[in-house]
Each structure stands twice: as C-alpha cells, then as structure tokens.
*Asks:* 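Have a look at this one.
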Protein chains: 2
Amino acid sequence: MTINQDTFTGEYSYTIDAKGRVNIPAKFRQSLAPENNNTFVITRGMDPCIWVYPLTAWQFIEDNLKELSAVSSINRSFIRATARYASPVKYDKQGRIILSSQLLDYAKLDKDALIIGMINKIEIWNADELEKIEKQTTEMDSSVYDELSDKIIL
Amino acid sequence: MTINQDTFTGEYSYTIDAKGRVNIPAKFRQSLAPENNNTFVITRGMDPCIWVYPLTAWQFIEDNLKELSAVSSINRSFIRATARYASPVKYDKQGRIILSSQLLDYAKLDKDALIIGMINKIEIWNADELEKIEKQTTEMDSSVYDELSDKIIL
DNA sequence: AAGAATTACCCACGATTACCCACAATATAT
DNA sequence: ATATATTGTGGGTAATCGTGGGTAATTCTT
C-alpha cells in the first residue's frame, strides 16, 4: 500500500518501558520516507505532549531558523526556545525510540502513551491530559471548529 | 458500462466476520479509480457510522489540513480530531477491508453492516442506528429538506 | 586509571496481523 | 438449461509486531 510519505494518521496505545522506550507504530515507520534514515526529531509540543517530526521536516524548520538575524534579542529567544528541547532519535531494530526524562515529565507521561498521527508530525500524549485539553479547546471555539469542518471535510 | 470514477450509489447488506472484515460491494470496487490502488481511508463519520473515502479523496483532505498553521490551538485540535481516527485500508483478494474495534464500537456495529453509497464516499451503518438518526433528522428540518429537493431534483 | 553508571545494540517470545486457500451462492454467458 | 465466472464468507498459517530483558560498549566519576 503506497501512501503519502511522511504523512501520519491514526491513534495507537503503547507502553513506555523502564528505559523510557516507546514503540513508533509500524505504520508510521512505513510511511517515513527513506531519506529520514529511520530518524525522527523529538521536542516539546505546544500542547503538553511530545512532538515527533520526521528528520527532514525538522531540518526545514532549522533552515528557517538560520534565516533569522541573531542581532535581535527576540529572535535569539525564539531560536533558543525552539532548538533547546529538540533532539534527533533513531529508532532501534524493534522500532522504538528513547524519550528523555525531561520530555516525559513535560508531557506528564508515565507508563502509557497515546500516539497520534497529526499528518505531518506525530504526537505522544498522556491520554488523560489529552482529554482534558480537548474538552477545553473544543468547548471554547466550537464555531471556528464548524467553519473548519465546512471548509475541509468532504 | 463506464460510470463516474470514485462515485458510489446504492445500498448493500453484508456481514462483519470475527476478524472485523467486511466486504466492499463489488460495484464500489469497480468504481474505485485505479490510482487509489485498491485503497480506502476509513474514519469516524459525523453521524455514528464509519466513513470510507477513496484514498485520493482523503489525500485532498490531508492537503487542506497541511495548510493550517499549527500555532493556533484550535487548528491543532481540528487536525487531531480529523487525523486521529483515520487509517488507510487496502482490500484483500476477496474484496474485504478490516475495521478496527474502535471504529466498530463507535458505529455500534456488530455482525450486520449496511453499506451505503454517498456519492463521493461510502458509509457503513448499523441499520437500527441509521433508522433512528434518519427519523430524528428529517422530522426536525423537513422544510430545509423540501428546499433542497427543489434545488436539486430534476 | 579503575570502577560505576549509563547508553547502544542484540536476542527472545507471545500476540496480532497479513496473506493465502477453500467453498457455497449468485450471477453471467453459451 | 447448463457451464463458467464472480461474489460473499469462513478459516489456516506464516510473517510481523509489541514488549521485556541481557550484554557489550561508552561515558562519567573519583
């Protein structure tokens, strides 16, 4: 089945073991383009979750950061915030990546992980946290939500 | 007889077996354009049913999602809600797709499935649920219904 | 420099999934 | 009407997947 490369959908439940390893769903590994070399970049998400980019997607972000002048302190601060928590990870022969305890703490992750395909990236969530956040967000702006549905869903 | 590609009409009753497999009606398989590579994308419908898109139609949705900025939390939430339950499925040599237990639960499906052509997509229903929903909806907005008839039916 | 702790890499195994074959029922063709 | 192909349904088996643990290499500490 040939689908779009570096495109992720679906949700999966996996366990994080004592060493901080989580499985990357086999389907996600298969969608990862070969030039990524089995490598993702993990970092803090804008929500309390971990964001997982294909390496090449992250490199695109890096290229954008390089364009920013380091003379402006705001720019420096932005570059710092973006680069600071990011690290490349190659998955092992069993398809797992290792999550640092810093990232696990940030996403309030313990033993169970909910992994969600977000089209061009992947999110790793604590299921309870996700539910909380989703409740907040969807209640707040349901009209915007409907608008988006109208525009995008076939 | 050549009909419009990726266009589906008619209704069919099939059984879901112990492995969660349902047949895609042969006529639907024949209408599926070759570039879909025998692949559909299944996801939650807006009604309590399963939506089945031709792969290329779904990719159009994905392309739209990619345009959304991930900086807005509403956008992220929308992408999440849309991508989360979706997964590509290729039908097997007998013409069946596999439905996950999550989707089966969502659509309250058990053994019998009612498959309905919805022009650009396919719906899989529990017949009882469909009847319930149809009764509700048509009673509620019968005037809108008539308006639509006026505009669309020859 | 030697020991301790951490990390990278390998193996194992039960559970699940993908893929194949079989066959009865229906539809199509001769 | 009979033969032939197609369709819908069931099941079996081999490969893959998710998870746990072990050992060697590396890094850190003192």
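Residue numbering restarts at 1 for every chain, and letters A, B, ... go by the order of the sequence lines. Fair warning: this is a prediction, and the values are worked out from it, not measured in the lab.
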*Asks:* With nearest nucleotide decided by heavy atoms, which residue, B:D17 or A:K111, maps closer to the 5′ end of DNA chain D?
*Replies:* B:D17
*Asks:* Within the 4.5 Å heavy-atom criterion, are A:T9 and B:E62 side-chain neighbours or not?
*Replies:* yes
*Asks:* Can you name the ring-ring contact (aromatic ring centres under 6.0 Å, His included) partners of B:Y53, sequence neighbours left out?
*Replies:*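 With sequence neighbours excluded, B:Y53 shows a ring-ring contact (aromatic ring centres under 6.0 Å, His included) to B:W58, given in chain and number order.
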*Asks:* Any side-chain heavy atom of A:K135 within less than 4.5 Å of one from A:K132?
*Replies:* no
*Asks:* Return the minimal non-hydrogen interatomic distance between A:M118 and B:R76, and the atom names on each side.
*Replies:* CE-O, 3.6 Å
*Asks:* Can you tell if the side chain of A:P88 reaches within under 4.5 Å of the side chain of A:T39, non-hydrogen atoms only?
*Replies:*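 Heavy-atom side-chain distance check passes, below 4.5 Å.
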*Asks:* Is any side-chain heavy atom of A:D47 closer than 4.5 Å to a side-chain heavy atom of B:R80?
*Replies:*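 With C-beta onward as the side chain, the pair touches.
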*Asks:* Pairing donors with acceptors under 3.5 angstrom, does anything connect the side chains of A:N36 and A:D6?
*Replies:* yes
*Asks:* Give me the other members of the hydrophobic cluster that B:L148 sits in, counting Ile, Leu, Val, Met, Phe, Trp and Tyr linked by side-chain heavy atoms under 4.5 Å, directly or via other members.
*Replies:* B:V144, B:I152, B:I153
*Asks:* Do B:I116 and B:L130 touch side chain to side chain, with heavy atoms closer than 4.5 Å?
*Replies:* yes
*Asks:* Kindly state each residue pair satisfying ring-ring contact (aromatic ring centres under 6.0 Å, His included) with at least one member in residues 116-154 of chain A, sequence neighbours excluded.
*Replies:*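 Pairs touching residues 116-154 of chain A that pass the test: A:Y145-B:F78.
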*Asks:* Do you see a donor-acceptor pair shorter than 3.5 Å between the side chains of B:S77 and A:E134?
*Replies:* yes
*Asks:* Same cluster or not: B:F60 versus A:I119, using hydrophobic residues (I, L, V, M, F, W, Y) connected whenever any side-chain heavy atoms lie under 4.5 Å apart?
*Replies:*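 Both belong to a single hydrophobic cluster.
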*Asks:* Could you check which residues of residues 22-33 of chain B get a heavy atom under 4.0 Å from DNA chain D? Sort them by number, please.
*Replies:* B:N23, B:A26, B:R29, B:Q30
*Asks:* Five pairs at each end of the helix from C:dA1-D:dT30 to C:dT30-D:dA1: take the axis at both ends and give me the angle between them to 10°.
*Replies:*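 The value is 40°.
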*Asks:* Give the other cluster members for A:L99, using side-chain heavy-atom distances under 4.5 Å between Ile, Leu, Val, Met, Phe, Trp and Tyr residues; answer none if it is isolated.
*Replies:*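 Other cluster members: A:F8, A:Y12, A:Y14, A:I16, A:V22, A:I24, A:F28, A:L32, A:F40, A:I42, A:I50, A:V52, A:V89, A:Y91, A:I97, A:L103, A:L104, A:L109, A:I115, A:I122, A:I124.
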*Asks:* Check nucleotides 23-25 of chain C for protein N or O atoms closer than 3.5 Å to its own N or O atoms and list the pairs.
*Replies:*
none

*Asks:* Tell me, please, the opening and closing nucleotides of DNA chain D, 5' to 3', among those with an atom under 4.0 angstrom from a non-hydrogen atom of chain A.
*Replies:*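 First-to-last contact on DNA chain D, by the 4.0 Å heavy-atom rule, is D:dC17 to D:dG22.
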*Asks:* Are A:W51 and A:E123 packed together at the side-chain level, in the sense that at least one heavy-atom pair is separated by less than 4.5 angstrom?
*Replies:* yes
*Asks:* Tell me which residues in residues 84-106 of chain A put a heavy atom below 4.0 Å from DNA chain D, sorted by number, or none.
*Replies:*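 Those residues whose heavy atoms fall under 4.0 Å from DNA chain D, taken from residues 84-106 of chain A in numerical order, are A:Q94, A:R96.
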*Asks:* Among residues 7-14 of chain B, which contact DNA chain D at a heavy-atom distance under 4.0 Å?
*Replies:*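 Of all residues in residues 7-14 of chain B, the ones placing a heavy atom under 4.0 Å from DNA chain D are B:Y14.
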*Asks:* Would you call A:T56 and A:Q5 a side-chain contact if the rule is heavy atoms closer than 4.5 Å?
*Replies:* no
*Asks:* Under the side chain to side chain donor-acceptor pair (under 3.5 Å) rule, what pairs show up with a residue in residues 96-119 of chain B, not counting sequence neighbours?
*Replies:* B:D92-B:R96
*Asks:* Scan the side chains in residues 63-74 of chain B for donor-acceptor partners under 3.5 Å anywhere in the protein, sequence neighbours excluded, and list what turns up.
*Replies:*
| residue | atom | partner | partner atom | Å |
| --- | --- | --- | --- | --- |
| B:S69 | OG | B:V71 | N | 3.1 |
| B:S72 | OG | B:I74 | N | 3.3 |
| B:S72 | OG | B:N75 | N | 3.1 |

